[in-house]
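Working notes for the structure below.
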Amino acid sequence: MERIHDIYRPVDERKHDFKEVERRLTLEDIKPQLKRCQNCGVPFCHGAGCPLGNLVPDENRAMSKGDVRRAYELLSVHSDFPEFTSRICPALCESCCVRDLDEEPVMIRQSEKLIIDTAFERGWVVPEPPEKENGKRAAVIGAGPAGLSAARTLRRKGWAVTVYEKDADIGGLLRYGIPYFKLDKALITRRRKLLEAEGIRFVTGTNIGVDVSADYLSRVFDAVVVAIGTPAARDLKIPGRDLKGVHLALEFLGGQNRYLGGELAAPPISAEGKRVLVIGGGDTGSDCVGTSIRQGCKSVTQIEIMPKPPETRSPSTPWPDWPYLLRTSSSHKEGCERRWSLNSLRFLGRKSVTGVEVETVDWEFSPLGKPLKFAARPDSKEVIAADLVLLAMGFTGVPTDHPIVRQLGLAQTPRTALLSKPESNIFCVGDCASGASLVVRALASGRNLPL
Ligand SMILES: Cc1cc2nc3c(=O)[nH]c(=O)nc-3n(C[C@H](O)[C@H](O)[C@H](O)COP(=O)(O)OP(=O)(O)OC[C@H]3O[C@@H](n4cnc5c(N)ncnc54)[C@H](O)[C@@H]3O)c2cc1C
Ligand code: SF4
């Protein structure tokens, strides 16, 4: 039996709104899919795939029998916020599903979505305050997935937890980065109410290190959890960077989300009627594509310096590794030109950007097909016309002069990830401790707090 590939609303419908792109599958759709799960003796999905260690084969078995309640109980053992992961997780579990060896992986993420959506609809998700207080107080800095996960873990153990967040609301990149069409922000608000009912206190609009010093927090709380994400986006400092119309991806995506959330009267950067060029071929770039299309752009092109990945799993990433292969998102399917092996040389224009000069690069590969290094191809320069350029090239970690780093005396790795100071009860979790990664890894890191 094949997987269900048609999991999205029709393109002509979805590209005109910011509602979630995925359609809802029913239990009848999912049940036969989960019967494909072999209940492996060594379930890689659970052990090597899911960073949370979700009990995937057991959940699959319950769902294949139609026992959603049991599946929800099993899912809740390791997962605090399945309503988020079931929508935006790249499903590391599926990439190492044994069924991927002979046909296609089991639809684990879709099943997770049906479980948690049903659980909310039937009123099974209720606040779970601790049975008793332990008399200790913890401050969590940052209300992204890592901070929320750490806060819930500590609260369960009886800590009195206060979460400080510099933004107007909680969620971090879940709220101010990832577009609404991938994750409806009402789900974060619903979860906030549950966390508050469990006794977690949120102090938003408070920039720790500036409004309140981090060392003050470490003096008055028994433990401090730093979960500030990776604040610095990678820029492209080539000639013309100061031209009007060249923006970091998060300025664009965050602005659109703040507008949809009612914090702004209009999106601060609009793609309407423009030729958009997205530089960076990853997920953030793909989110820029989908947002540009919904804002009514004239055209959108996404370019990447890396070569075009293979259509199927590259031998350089054999099963059960996370596969190096071409990924086509729902946004790409909505109408976007994608090009690879292009290096950006300069932004063109007088006051506003009118295009980007690029050149083709030729890649050298390892015997197994891993791209190693590139060289510019002679006489390959060309101009891609654009009125709006969005830079989606990842993040560079935590700046070494960040006030929290200084005030708490935190050490950093050569790649500027923050190191915990267990001797002072200061713990760093999520992207700030690992480098920019994934929601599910941030959640796992908050959950595995050694406290
Ligand atoms: C556009 C985009 C799309 C993405 N899409 C996906 C996806 O589809 N799937 C996926 O798995 N991952 C995705 N990611 C990655 C994912 O969002 C991150 O890995 C994850 O959010 C990291 O969680 P975190 O809690 O460590 O950091 P963040 O989510 O960055 O949260 C950090 C929080 O700390 C707050 N903060 C920072 N400094 C302070 C301070 N001084 N005082 C108080 N608060 C502070 C910030 O305001 C923020 O709320 C995406 C990332 C981006 C940028
Ligand atoms: S959280 Fe992600 S990796 Fe874990 S079971 Fe769900 S979809 Fe798979």
Side-chain angles (χ1 to χ4, degrees), residues 45-46 48-56 59-60 75 78-79 81-82 84-97 105-113 115-116 139-150 163-179 182-183 203-214 217 226-231 233 248-250 252-254 257 280 282-288 290-291 329 392 394-395 398 402-405 407 428-446:
C45 53
H46 153 78
C50 179
L52 291 168
N54 278 350
L55 304 168
V56 175
E59 292 161 26
N60 288 350
L75 179 59
H78 291 270
S79 181
F81 311 119
F84 306 151
T85 44
S86 65
R87 283 166 167 79
I88 43 91
C89 187
L92 309 179
C93 50
E94 292 182 14
S95 72
C96 56
C97 171
V106 173
M107 298 183 74
I108 300 166
R109 183 181 62 77
Q110 284 289 334
S111 169
E112 186 175 310
K113 188 169 172 217
I115 298 169
I116 187 62
V140 177
I141 310 174
L148 296 180
S149 170
V163 182
Y164 293 92
E165 169 54 55
K166 76 175 158 63
D167 258 317
D169 207 342
I170 70 162
L173 289 172
L174 291 172
R175 186 181 291 276
Y176 295 108
I178 295 173
K182 277 165 65 180
L183 176 72
V203 180
T204 52
T206 304
N207 190 352
I208 300 301
V210 178
D211 302 329
V212 177
S213 78
L217 295 184
V226 181
I228 57 173
T230 45
L248 296 172
L250 261 192
F252 176 64
L253 297 172
N257 283 8
D283 285 347
T284 302
S286 152
D287 290 346
C288 290
T291 302
S329 70
F395 296 84
V398 182
H402 194 288
I404 291 180
V405 174
Q407 290 166 12
C428 305
V429 295
D431 278 7
C432 70
S434 63
S437 185
L438 294 172
V439 168
V440 68
R441 292 209 178 100
L443 293 173
S445 136

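In listed order, ligands and their atoms are each counted from 1.
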Hey, could you give me each pair passing salt bridge (charged side-chain N to carboxylate O under 4.0 Å, His left out) that has a residue in residues 430-445? Not counting sequence neighbours.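 Non-adjacent pairs meeting salt bridge (charged side-chain N to carboxylate O under 4.0 Å, His left out): zero.
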Residues in the immediate environment of ligand 1 (any heavy atom closer than 4.0 angstrom):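 Contacting ligand 1 under 4.0 Å are Ile88, Pro90, Ile141, Gly142, Ala143, Gly144, Pro145, Ala146, Tyr164, Glu165, Lys166, Asp167, Gly172, Leu173, Gly177, Ile178, Lys182, Thr206, Asn207, Ile208, Ala227, Ile228, Gly229, Leu253, Thr284, Asp287, Phe395, Ile404, Gly430, Asp431, Ser437, Leu438, Val439, Ala442.
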Can you see which heavy atom on Pro145 is nearest to which on Gly171, and at what distance?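 Here Pro145 and Gly171 meet closest at CD-O, 3.7 Å.
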Heavy-atom pair of closest approach, residues Ser213 and Ile208: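 In terms of heavy atoms, the two residues are closest at C-CG2, 4.5 Å.
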Any side-chain heavy-atom pair from [X] and [Y] closer than 4.5 angstrom?
{"X": "Leu438", "Y": "Pro90", "answer": "yes"}
{"X": "Leu173", "Y": "Leu250", "answer": "yes"}
{"X": "Leu253", "Y": "Asn257", "answer": "no"}

When you compare the side chains of Glu112 and Thr85, does any donor N or O come within less than 3.5 Å of an acceptor on the partner?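 Their side chains do contain a donor-acceptor pair, which is all the 3.5 Å distance test asks for.
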Is there a donor-acceptor pair closer than 3.5 Å between any side-chain N or O of Ser86 and the backbone N or O of Pro82?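 Yes, because the side chain of Ser86 sits within donor-acceptor range (under 3.5 Å) of the backbone of Pro82.
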Any salt bridge between Arg175 and Asp167, counting N to O under 4.0 Å?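 Looking at Arg175 and Asp167, the cut-off is not met.
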With sequence neighbours excluded, residues passing side chain to side chain contact (heavy atoms under 4.5 Å, CB included) with His402: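 Per chain and number, His402 pairs via side chain to side chain contact (heavy atoms under 4.5 Å, CB included) with Ile228, Pro231, Val398, Pro399, Ile404, Val405.
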State the atoms of ligand 2, each with its element, that fall below the 4.0 Å cut-off from a heavy-atom position in Leu92.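 Those qualifying, in numeric order: 3 (S).
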Atoms of the protein (N/O/S only) found under 2.8 Å from atom 6 (Fe) of ligand 2: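 Metal shell, protein only: Glu112 OE1.
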